[in-house]
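Structure first, commentary second.
Note that ligands are numbered from 1 as they come in the structure, with each ligand's atoms numbered from 1 the same way.
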Amino acid sequence: MRTILETLNEHARRLRQGRLDALFASPDRAADYTIEAAGLYFDHSKQLLDDDARQALLQLADERGLPAKIEDLFRGAEVNPTEGRPALHTALRDPLDESGCVDGRPVGPAIRDTLARMASVVAEIAGGSWRGHGGDRITDVVNLGIGGSHLGPQLVCDALRYSHSDGLRVHFVSNVDGGDIERCLRGLDPATTLFIVASKSFTTPETALNARSAQAWILERFADKAAIASHFFAISAHPQRAIDFGIAPANVLPMWDWVGGRYSLWSAIGLPIALAVGFEGFERLLAGARAMDRHFRTAPLARNAPVMLALTGIWNTNFLGAETQAIVPYDDRLTLLPDYLQQLEMESNGKRRTLAGDLVQGQTSPIVWGGVGTNVQHAFFQLLHQGTRLVPVDFILALRHPRSATPHHDMLVANCFAQAEALMVGRSLDALAAAGTDPALALHREQPGNQPSNMLLMDELTPETLGALLALYEHKTYVQGVIWQINSFDQWGVELGKQLAARLLEELAAGSPAAHDGSTTTLMARYLARGPRR
Ligand code: F6P
């Protein structure tokens, strides 16, 4: 008997020989391959997928135990066994739910307490009762964090830019490149600036160095260590480390080991979001994610948006041979979405061992990349239309835009839909000949089409629809991890580079490189000769 993987490979061989647009011969295709959930409209009809192949993908999901694994996620089972933890980001968006437990204890009370603390911090800072050391009102908040302690909060703050509270600007410094913090602080006044040191582990060297530089900047102005308490907050799953670092205990908000860094914007790591858009805006973001969670937990697999988004990705990666996944929001407010999804998907699913420790057969996470439309039409879309690779695209668009005049929005929307159509239908030599194109030139103008895409629409980009969109991709990532039988919640691969960097840093401090490979030793010697010490 054929295995499900053999069946899927056979469907892929069959479908690859046909045309994607021919699948629309079925009049119901657009409706059949569209799912509406939590304010999102997910059209996956432009995937090179028919009913038989879809059914086989659903069977694969079933064989990999997906329904039970979805329950495991919500119930707080140890879905991250290499670190011995659950991943309960869904509990963060459902603080009244009592079912999420860690070590037999419900997590709801701690989540509710922390939300209450966040609400009062926001009220004090945005309301102006919180004062800097010199008695001034805070006008600027700088988040110091990297990876999950940066990308999600920055994306959300940027996406909700029209809802920002008056009088409070939120900035982000993530890179250890001193130019990053220098550029941010150049325009700010220490007397009116508040820092949030965001680090789940509180051991991340880049964030620690930026925090030390920020402390020095405050102390340069006030020359009084007591000033730190008025200008620094910290968020960490290890509050004592933040206190040891010098943050006032009352200013340390908790998050927890059972929240993965890249899934943490819903925790106190989201404080900059709440400061930017108000605590109510943050609650609306949580509500949107919660609506997607409920859909994910209860909808049948075939009508489940995160599941089908994941399965279209599995189809393209594992059966049609796509190496990458392009993310193209047609919305300037979502410019940072590809960066955020790079960490979410590639740090979660860039793995080569199954949970059982075997080498994975086939590919895991595709390379996630992208950019904002229409800009990218004038950059990399040429490759999508006439290059040699299969590149699936996720298009993301809000149907209404509060600040974009109708002629602008009509043109944006027309371009978004047109690109998806053009990628699918292409332009054949026959069509070019019929239009009278010179045959030699027609060879260069031909576009093969057959490039698959998803279209994700929302009526408006609001805190709710944004929350739903991010939860959709979180769950997509988890579902793919289940299909690949990997752990989506650890990231051991980042360790070695960190360790080597620490060793090289010591060698730089000592002024002499130890023995490395010839290239590294030469690079180190060159830096020591020409870098800032010379
Ligand atoms: O890159 C590794 C990583 O641990 C990410 O998973 C995480 O989001 C980032 O570093 C920052 O970690 P922390 O919040 O502990 O500073």
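Given atom 14 (O) of ligand 1, the protein heavy atom at minimum distance is S149 OG, 2.6 Å. In terms of protein heavy-atom proximity, atom 15 (O) of ligand 1 is nearest to S201 OG, 2.6 Å. Of the protein's non-hydrogen atoms, E347 OE1, 3.4 Å is the one closest to atom 5 (C) of ligand 1. Protein heavy atom in closest approach to atom 10 (O) of ligand 1: K498 NZ, 4.2 Å. Of the protein's heavy atoms, G148 N, 2.7 Å lies nearest to atom 8 (O) of ligand 1. Counting protein heavy atoms only, atom 12 (O) of ligand 1 is closest to T204 OG1, 3.5 Å.
Atom-to-atom distance recorded for D136:CG and T192:OG1 is 6.5 Å, nearest 0.5 angstrom.
Numbered from 1 in the order shown, with element, the atoms of ligand 1 that lie under 4.0 Å from a heavy atom of V494 read 2 (C). Those atoms of ligand 1 with a heavy atom of K200 less than 4.0 angstrom away are 13 (P), 14 (O), 15 (O). Interface of G147 with ligand 1, defined as ligand atoms under 4.0 Å from a residue heavy atom, comprises 8 (O).
Considering V197, T207, I146 only, the shortest heavy-atom separation from atom 11 (C) of ligand 1 involves I146.
In this pair, F195 and F232 present their aromatic rings parallel. The plane angle is below 30°, not in the 30 to 60° band.
A side-chain donor-acceptor contact under 3.5 Å links Q342 to the backbone of V368. Looking at T462, its side chain does come within 3.5 Å of a backbone N or O of T465 through a donor-acceptor pair.
Counted within 6.0 Å of CD on Q361, heavy atoms from surrounding residues, nucleotides or ligands total 12 or fewer; the atom is thus considered open.
No salt bridge links R353 with D358; every basic N to acidic carboxylate O contact stays at or beyond 4.0 Å.
Figure legend: R85 and W258 shown without cation-pi pairing, the cationic atom not lying both under 6.0 angstrom from the six-membered ring centre and within 45 degrees of its axis.
Heavy atoms of H150 stay at 4.0 angstrom or farther from ligand 1.
When all heavy atoms are compared, the tightest approach of V277 to H164 is CG1-CD2, 3.8 Å.
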